[in-house]
Amino acid sequence: MRKYLYLIILIFFAIIGYNYLYKNHRVIATEKPEFALSSASLMSEFLNNSSEAELKYLNKTMEVSGVVSEVNQDNLTLNEQIFCKFSESINSLVKLGSETIVKGRLIGYDDLLEVVKLDQCSIISK
Amino acid sequence: MKYFIFPVLFFVGLIATAQTKYITKSGEVSFEASVPTFEEVKANNSSVTAILNTDNGEFAALVLVKGFRFKNALMEEHFNENYVESDKYPKATFKGKILDFNLSKLKHQGYLHKMNGELTFHGKTKLLIDIMISISKDENIISVSGNFKVSTSDFDIKIPKIVSNKIAEEIELSFLFILKMK
(Lines give C-alpha, C1' and ligand atoms only; values in the text may rest on other atoms or scores of the structure.)
Protein backbone atom coordinates (compact mmCIF):
# COMPACT_ATOMS: atom_id res chain seq x y z
CA MET A 1 0.00 0.00 0.00
CA ARG A 2 2.73 2.42 0.95
CA LYS A 3 4.48 1.73 -2.38
CA TYR A 4 1.48 3.06 -4.27
CA LEU A 5 1.37 6.15 -2.13
CA TYR A 6 4.99 6.96 -3.01
CA LEU A 7 4.25 6.33 -6.66
CA ILE A 8 1.27 8.70 -6.61
CA ILE A 9 3.33 11.42 -4.89
CA LEU A 10 6.10 10.94 -7.45
CA ILE A 11 3.70 11.25 -10.37
CA PHE A 12 2.12 14.31 -8.78
CA PHE A 13 5.46 16.14 -8.56
CA ALA A 14 6.46 14.99 -12.04
CA ILE A 15 3.29 16.59 -13.44
CA ILE A 16 3.91 19.83 -11.54
CA GLY A 17 7.52 19.88 -12.75
CA TYR A 18 6.52 19.23 -16.33
CA ASN A 19 3.87 21.94 -16.29
CA TYR A 20 6.44 24.40 -14.95
CA LEU A 21 9.09 23.59 -17.55
CA TYR A 22 6.65 23.48 -20.46
CA LYS A 23 4.10 26.05 -19.38
CA ASN A 24 2.03 27.81 -21.99
CA HIS A 25 2.82 31.17 -23.52
CA ARG A 26 0.76 34.20 -22.58
CA VAL A 27 -2.21 34.61 -24.88
CA ILE A 28 -2.35 38.36 -25.43
CA ALA A 29 -5.60 38.18 -27.42
CA THR A 30 -7.55 36.87 -24.44
CA GLU A 31 -5.79 38.89 -21.72
CA LYS A 32 -7.54 41.86 -20.21
CA PRO A 33 -5.77 45.06 -21.34
CA GLU A 34 -4.06 46.99 -18.54
CA PHE A 35 -4.18 50.25 -20.49
CA ALA A 36 -6.43 51.66 -23.19
CA LEU A 37 -5.37 54.89 -24.88
CA SER A 38 -5.02 56.75 -28.17
CA SER A 39 -1.87 56.41 -30.24
CA ALA A 40 -1.17 60.16 -29.89
CA SER A 41 -1.23 60.10 -26.08
CA LEU A 42 0.87 56.93 -25.90
CA MET A 43 3.42 58.47 -28.26
CA SER A 44 3.60 61.72 -26.30
CA GLU A 45 4.51 59.80 -23.13
CA PHE A 46 7.42 58.16 -24.94
CA LEU A 47 8.54 61.44 -26.49
CA ASN A 48 8.43 63.16 -23.10
CA ASN A 49 10.39 60.58 -21.15
CA SER A 50 11.04 57.30 -22.89
CA SER A 51 12.66 55.50 -19.95
CA GLU A 52 9.78 56.32 -17.63
CA ALA A 53 7.24 55.24 -20.23
CA GLU A 54 9.19 52.01 -20.80
CA LEU A 55 9.04 51.26 -17.08
CA LYS A 56 5.28 51.79 -17.14
CA TYR A 57 4.31 49.99 -20.34
CA LEU A 58 6.98 47.40 -21.27
CA ASN A 59 5.56 43.89 -21.70
CA LYS A 60 2.04 45.11 -20.83
CA THR A 61 -1.10 44.22 -22.74
CA MET A 62 -2.82 47.30 -24.07
CA GLU A 63 -5.44 48.64 -26.46
CA VAL A 64 -4.38 51.48 -28.72
CA SER A 65 -6.70 53.43 -31.01
CA GLY A 66 -5.79 55.37 -34.10
CA VAL A 67 -6.02 55.77 -37.85
CA VAL A 68 -4.30 53.14 -39.98
CA SER A 69 -1.49 54.89 -41.87
CA GLU A 70 0.25 51.83 -43.31
CA VAL A 71 -0.78 48.21 -43.88
CA ASN A 72 1.48 45.31 -44.79
CA GLN A 73 0.93 41.59 -44.85
CA ASP A 74 1.33 40.98 -41.10
CA ASN A 75 1.70 44.45 -39.62
CA LEU A 76 0.10 47.86 -39.58
CA THR A 77 0.99 51.33 -38.32
CA LEU A 78 -1.38 53.67 -36.50
CA ASN A 79 -0.95 57.44 -37.10
CA GLU A 80 2.64 56.75 -38.27
CA GLN A 81 3.43 56.31 -34.54
CA ILE A 82 2.42 52.85 -33.34
CA PHE A 83 3.68 49.78 -35.16
CA CYS A 84 1.61 46.63 -34.60
CA LYS A 85 2.83 43.16 -35.51
CA PHE A 86 0.32 40.37 -36.04
CA SER A 87 0.85 36.64 -36.12
CA GLU A 88 -1.28 36.11 -39.20
CA SER A 89 -2.10 37.93 -42.42
CA ILE A 90 -4.28 41.01 -41.96
CA ASN A 91 -4.43 42.37 -45.51
CA SER A 92 -8.13 41.66 -45.88
CA LEU A 93 -9.09 42.82 -42.37
CA VAL A 94 -8.02 46.46 -42.33
CA LYS A 95 -8.30 49.38 -44.69
CA LEU A 96 -5.84 52.21 -45.00
CA GLY A 97 -7.21 55.35 -43.34
CA SER A 98 -9.79 53.57 -41.19
CA GLU A 99 -10.20 54.15 -37.46
CA THR A 100 -9.05 51.02 -35.62
CA ILE A 101 -8.40 49.72 -32.13
CA VAL A 102 -5.55 47.24 -31.80
CA LYS A 103 -4.76 45.09 -28.78
CA GLY A 104 -1.21 43.89 -28.29
CA ARG A 105 1.85 43.61 -26.08
CA LEU A 106 4.17 46.63 -25.94
CA ILE A 107 7.74 45.57 -26.70
CA GLY A 108 9.43 48.96 -26.71
CA TYR A 109 10.20 52.31 -28.26
CA ASP A 110 12.16 52.55 -31.48
CA ASP A 111 14.04 55.85 -31.43
CA LEU A 112 15.44 55.44 -34.95
CA LEU A 113 12.03 55.96 -36.55
CA GLU A 114 10.23 57.26 -33.45
CA VAL A 115 7.61 54.54 -33.28
CA VAL A 116 6.28 52.49 -30.39
CA LYS A 117 6.08 48.79 -31.19
CA LEU A 118 3.51 46.17 -30.19
CA ASP A 119 3.57 42.47 -31.02
CA GLN A 120 1.07 39.57 -30.87
CA CYS A 121 -1.63 42.01 -31.94
CA SER A 122 -5.27 41.49 -32.69
CA ILE A 123 -7.90 43.87 -34.06
CA ILE A 124 -10.65 44.89 -31.64
CA SER A 125 -12.88 46.94 -33.93
CA LYS A 126 -12.87 48.47 -37.36
CA MET B 1 10.46 86.94 -61.93
CA LYS B 2 11.52 86.78 -58.30
CA TYR B 3 8.22 85.16 -57.40
CA PHE B 4 9.20 82.40 -59.72
CA ILE B 5 12.83 81.99 -58.60
CA PHE B 6 11.99 81.48 -54.93
CA PRO B 7 9.99 78.31 -55.28
CA VAL B 8 12.53 76.93 -57.76
CA LEU B 9 15.40 77.56 -55.34
CA PHE B 10 13.38 75.97 -52.57
CA PHE B 11 12.93 72.75 -54.52
CA VAL B 12 16.58 72.67 -55.62
CA GLY B 13 17.59 72.89 -51.97
CA LEU B 14 15.19 70.12 -51.04
CA ILE B 15 16.63 67.75 -53.62
CA ALA B 16 20.19 68.50 -52.56
CA THR B 17 19.58 67.66 -48.89
CA ALA B 18 17.22 64.71 -49.29
CA GLN B 19 19.03 61.44 -48.74
CA THR B 20 17.77 58.25 -50.19
CA LYS B 21 16.86 55.92 -47.39
CA TYR B 22 15.49 52.41 -47.47
CA ILE B 23 13.57 51.40 -44.37
CA THR B 24 11.83 48.46 -42.74
CA LYS B 25 9.99 48.14 -39.45
CA SER B 26 9.48 44.40 -39.69
CA GLY B 27 12.95 43.00 -40.27
CA GLU B 28 13.79 39.55 -38.95
CA VAL B 29 16.59 38.69 -36.54
CA SER B 30 17.01 35.27 -35.01
CA PHE B 31 19.64 33.67 -32.87
CA GLU B 32 20.51 30.14 -31.93
CA ALA B 33 22.63 28.92 -29.02
CA SER B 34 21.65 25.27 -29.12
CA VAL B 35 23.80 22.40 -27.99
CA PRO B 36 23.25 19.03 -29.73
CA THR B 37 21.06 16.53 -27.81
CA PHE B 38 19.63 19.25 -25.54
CA GLU B 39 16.48 21.29 -26.08
CA GLU B 40 16.96 23.95 -28.77
CA VAL B 41 17.78 27.45 -27.59
CA LYS B 42 16.46 29.55 -30.41
CA ALA B 43 14.44 32.74 -30.76
CA ASN B 44 13.07 34.88 -33.51
CA ASN B 45 12.21 38.58 -33.64
CA SER B 46 10.25 39.88 -36.60
CA SER B 47 9.70 43.52 -35.64
CA VAL B 48 13.22 44.86 -36.14
CA THR B 49 13.78 48.32 -37.57
CA ALA B 50 16.54 48.85 -40.12
CA ILE B 51 17.62 51.85 -42.18
CA LEU B 52 20.00 51.82 -45.14
CA ASN B 53 21.34 55.07 -46.53
CA THR B 54 21.97 54.29 -50.18
CA ASP B 55 24.09 57.43 -50.73
CA ASN B 56 26.94 56.15 -48.56
CA GLY B 57 26.10 52.59 -47.48
CA GLU B 58 25.48 53.46 -43.83
CA PHE B 59 23.31 50.88 -42.11
CA ALA B 60 21.54 50.96 -38.75
CA ALA B 61 19.29 48.44 -37.02
CA LEU B 62 17.35 48.49 -33.77
CA VAL B 63 16.10 45.35 -32.06
CA LEU B 64 13.57 45.49 -29.24
CA VAL B 65 14.76 42.66 -27.02
CA LYS B 66 11.29 41.86 -25.64
CA GLY B 67 10.25 40.96 -29.17
CA PHE B 68 12.30 37.73 -29.21
CA ARG B 69 9.92 34.76 -29.20
CA PHE B 70 10.96 31.28 -28.06
CA LYS B 71 9.13 28.03 -28.53
CA ASN B 72 9.37 27.40 -24.77
CA ALA B 73 7.61 30.03 -22.63
CA LEU B 74 9.80 29.44 -19.57
CA MET B 75 12.93 29.85 -21.67
CA GLU B 76 11.57 33.15 -22.96
CA GLU B 77 10.92 34.28 -19.39
CA HIS B 78 14.42 33.33 -18.21
CA PHE B 79 16.00 34.95 -21.25
CA ASN B 80 14.27 38.26 -20.49
CA GLU B 81 14.60 38.25 -16.71
CA ASN B 82 17.92 36.57 -15.93
CA TYR B 83 20.14 36.58 -19.01
CA VAL B 84 19.65 39.79 -20.99
CA GLU B 85 17.67 41.82 -18.42
CA SER B 86 15.34 43.28 -21.01
CA ASP B 87 13.63 45.60 -18.51
CA LYS B 88 16.94 47.34 -17.92
CA TYR B 89 18.27 47.03 -21.49
CA PRO B 90 15.23 46.96 -23.78
CA LYS B 91 17.16 47.75 -26.98
CA ALA B 92 19.96 46.27 -29.01
CA THR B 93 21.41 48.46 -31.75
CA PHE B 94 23.76 48.07 -34.66
CA LYS B 95 25.41 51.00 -36.45
CA GLY B 96 27.71 50.30 -39.34
CA LYS B 97 28.74 50.75 -42.89
CA ILE B 98 28.60 48.47 -45.91
CA LEU B 99 31.96 48.52 -47.70
CA ASP B 100 32.10 49.42 -51.40
CA PHE B 101 28.37 50.02 -51.50
CA ASN B 102 27.08 51.16 -54.86
CA LEU B 103 23.34 51.40 -55.42
CA SER B 104 23.59 51.32 -59.21
CA LYS B 105 25.48 48.03 -59.16
CA LEU B 106 22.86 46.16 -57.14
CA LYS B 107 21.04 43.44 -59.02
CA HIS B 108 18.15 41.07 -58.70
CA GLN B 109 20.64 38.38 -57.79
CA GLY B 110 22.27 38.54 -54.35
CA TYR B 111 25.67 40.19 -54.20
CA LEU B 112 28.14 39.58 -51.35
CA HIS B 113 29.39 42.60 -49.42
CA LYS B 114 31.34 43.17 -46.25
CA MET B 115 29.97 45.26 -43.40
CA ASN B 116 31.69 46.73 -40.34
CA GLY B 117 29.97 48.19 -37.36
CA GLU B 118 29.24 48.36 -33.66
CA LEU B 119 26.76 46.12 -31.92
CA THR B 120 25.41 47.38 -28.59
CA PHE B 121 23.52 44.93 -26.41
CA HIS B 122 23.07 44.46 -22.67
CA GLY B 123 25.00 47.69 -22.02
CA LYS B 124 28.13 46.52 -23.85
CA THR B 125 29.43 47.50 -27.28
CA LYS B 126 31.46 45.30 -29.59
CA LEU B 127 33.07 46.19 -32.88
CA LEU B 128 32.25 43.68 -35.59
CA ILE B 129 34.53 43.48 -38.63
CA ASP B 130 33.84 41.93 -42.03
CA ILE B 131 30.34 40.60 -41.52
CA MET B 132 29.45 38.93 -44.81
CA ILE B 133 26.09 40.06 -46.12
CA SER B 134 24.15 39.45 -49.28
CA ILE B 135 22.36 42.38 -50.93
CA SER B 136 19.87 42.23 -53.77
CA LYS B 137 17.59 44.81 -55.36
CA ASP B 138 14.24 44.40 -57.02
CA GLU B 139 12.63 47.62 -58.28
CA ASN B 140 12.27 49.69 -55.09
CA ILE B 141 13.05 46.92 -52.61
CA ILE B 142 16.50 46.10 -51.28
CA SER B 143 17.04 42.85 -49.36
CA VAL B 144 19.92 42.55 -46.92
CA SER B 145 20.65 39.20 -45.27
CA GLY B 146 23.50 37.48 -43.51
CA ASN B 147 24.72 35.92 -40.30
CA PHE B 148 27.57 36.19 -37.82
CA LYS B 149 28.69 34.79 -34.51
CA VAL B 150 29.04 36.53 -31.17
CA SER B 151 29.99 35.29 -27.77
CA THR B 152 27.87 35.68 -24.63
CA SER B 153 30.94 36.91 -22.70
CA ASP B 154 31.38 39.84 -25.15
CA PHE B 155 28.11 41.25 -23.86
CA ASP B 156 28.56 40.34 -20.21
CA ILE B 157 25.72 37.81 -20.29
CA LYS B 158 26.20 35.39 -17.46
CA ILE B 159 25.02 31.83 -17.85
CA PRO B 160 24.62 29.89 -14.60
CA LYS B 161 26.86 26.82 -14.25
CA ILE B 162 23.90 24.52 -13.87
CA VAL B 163 22.72 25.14 -17.47
CA SER B 164 26.06 26.04 -19.04
CA ASN B 165 26.32 22.73 -20.87
CA LYS B 166 22.89 23.27 -22.45
CA ILE B 167 23.58 26.73 -23.90
CA ALA B 168 26.31 27.36 -26.44
CA GLU B 169 28.89 30.01 -25.52
CA GLU B 170 28.99 31.08 -29.16
CA ILE B 171 25.71 32.38 -30.53
CA GLU B 172 24.80 32.40 -34.17
CA LEU B 173 22.79 35.40 -35.30
CA SER B 174 21.04 35.62 -38.63
CA PHE B 175 19.06 38.47 -40.14
CA LEU B 176 16.88 39.37 -43.10
CA PHE B 177 15.77 42.90 -43.89
CA ILE B 178 13.41 43.69 -46.78
CA LEU B 179 13.88 47.45 -47.12
CA LYS B 180 11.53 49.77 -48.97
CA MET B 181 12.40 53.18 -50.33
CA LYS B 182 11.17 55.99 -48.11
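Worth saying up front: this structure is predicted, and the values here are computed from it rather than measured. Naming: A, B, ... by sequence-line order, numbering from 1 per chain.
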Look only at the side chain of A:His25 and the backbone of B:Leu74, and say whether a donor-acceptor pair between them is shorter than 3.5 Å. no

Whatever's closer than 4.5 Å to a heavy atom in chain A on B:Lys25 counts as both

Is there a path of hydrophobic side-chain contacts, each under 4.5 Å between heavy atoms of I/L/V/M/F/W/Y residues, joining A:Val67 to A:Ile82? no

Following the transitive rule for hydrophobic clusters with a side-chain heavy-atom cut-off under 4.5 Å over Ile, Leu, Val, Met, Phe, Trp and Tyr, establish whether A:Leu93 and A:Leu76 coincide in one cluster. yes

Answer with side chain, backbone, both or neither: which region of A:Arg26 has an atom nearer than 4.5 Å to a non-hydrogen atom of chain B? neither

Neighbour count >12 (heavy atoms, 6.0 Å) for atom NZ, B:Lys149: no

Could you give the distance from CG (B:Leu62) to CG (A:Leu112), rounded to the nearest 0.5 Å? 5.0 Å

Max heavy-atom pairs within cutoff under 4.5 Å with chain A, candidates B:Arg69, B:Glu77, B:Glu76, goes to B:Arg69

Would you name the heavy atoms of A:Asn72 and B:Lys180 that are closest together and state the gap between them? OD1-NZ, 3.4 Å

When you look at CD of A:Glu52, are more than 12 heavy atoms from neighbouring residues, nucleotides or ligands closer to it than 6.0 Å? no

Smallest heavy-atom separation, B:Lys91 atom then A:Glu54 atom, equals CE-OE2, 3.7 Å

Would you mind checking which part of B:Ala50 comes under 4.5 Å of any heavy atom in chain A, side chain (CB onward), backbone (N, CA, C, O), both or neither? neither

Give, as side chain, backbone, both or neither, the part of B:Thr93 having an atom under 4.5 angstrom from any heavy atom of chain A. neither

Answer with side chain, backbone, both or neither: which region of A:Lys85 has an atom nearer than 4.5 Å to a non-hydrogen atom of chain B? side chain

Rounded distance [0.5 Å steps], CG in A:Asn59 versus CD in B:Glu81: 8.5 Å

Take atom CZ of B:Phe38 as the centre, draw a 6.0 Å sphere, and report whether it contains more than 12 heavy atoms from other residues, nucleotides or ligands. yes

Least distance between heavy atoms, B:Ser47 atom then A:Ile107 atom: OG-CD1, 3.7 Å

Decide yes or no for A:Tyr109 and B:Pro90: does some side-chain heavy atom of the first lie under 4.5 Å from some side-chain heavy atom of the second? no

Toward chain A, the part of B:Lys21 with a non-hydrogen atom under 4.5 Å: neither

Does CD1 in A:Ile16 sit with more than 12 non-hydrogen atoms of other residues, nucleotides or ligands closer than 6.0 Å? yes

Which bit of A:Ser51 is near chain B, if near means a heavy-atom gap under 4.5 Å: side chain, backbone, both or neither? neither

Does B:Ile142 belong to the same Ile/Leu/Val/Met/Phe/Trp/Tyr cluster as B:Met115, with side-chain heavy atoms less than 4.5 Å apart forming each link? yes

Above 12 or not: heavy atoms from other molecules or residues under 6.0 Å from CD of A:Glu80? no

Side chain, backbone, both or neither: which part of A:Asp111 has an atom under 4.5 Å from a heavy atom of chain B? both

For atom CG of A:Asn48, decide whether the heavy atoms of other residues, nucleotides or ligands shown that lie under 6.0 angstrom number more than 12. yes

Does any heavy atom of chain A fall under 4.5 Å from the side chain of B:Ile51, the backbone, both, or neither of them? side chain

Tell me whether B:Phe148 shares a hydrophobic cluster with B:Leu176, the cluster being built from Ile, Leu, Val, Met, Phe, Trp, Tyr side chains joined at under 4.5 Å. no

Any side-chain heavy atom of B:Lys71 within less than 4.5 Å of one from A:Tyr22? no

Can you tell me which portion of A:Asp119 sits under 4.5 Å from chain B's heavy atoms? Options are side chain, backbone, both or neither. side chain

Does one hydrophobic cluster hold both A:Phe86 and A:Met62, with members joined at side-chain heavy-atom distances below 4.5 Å? yes

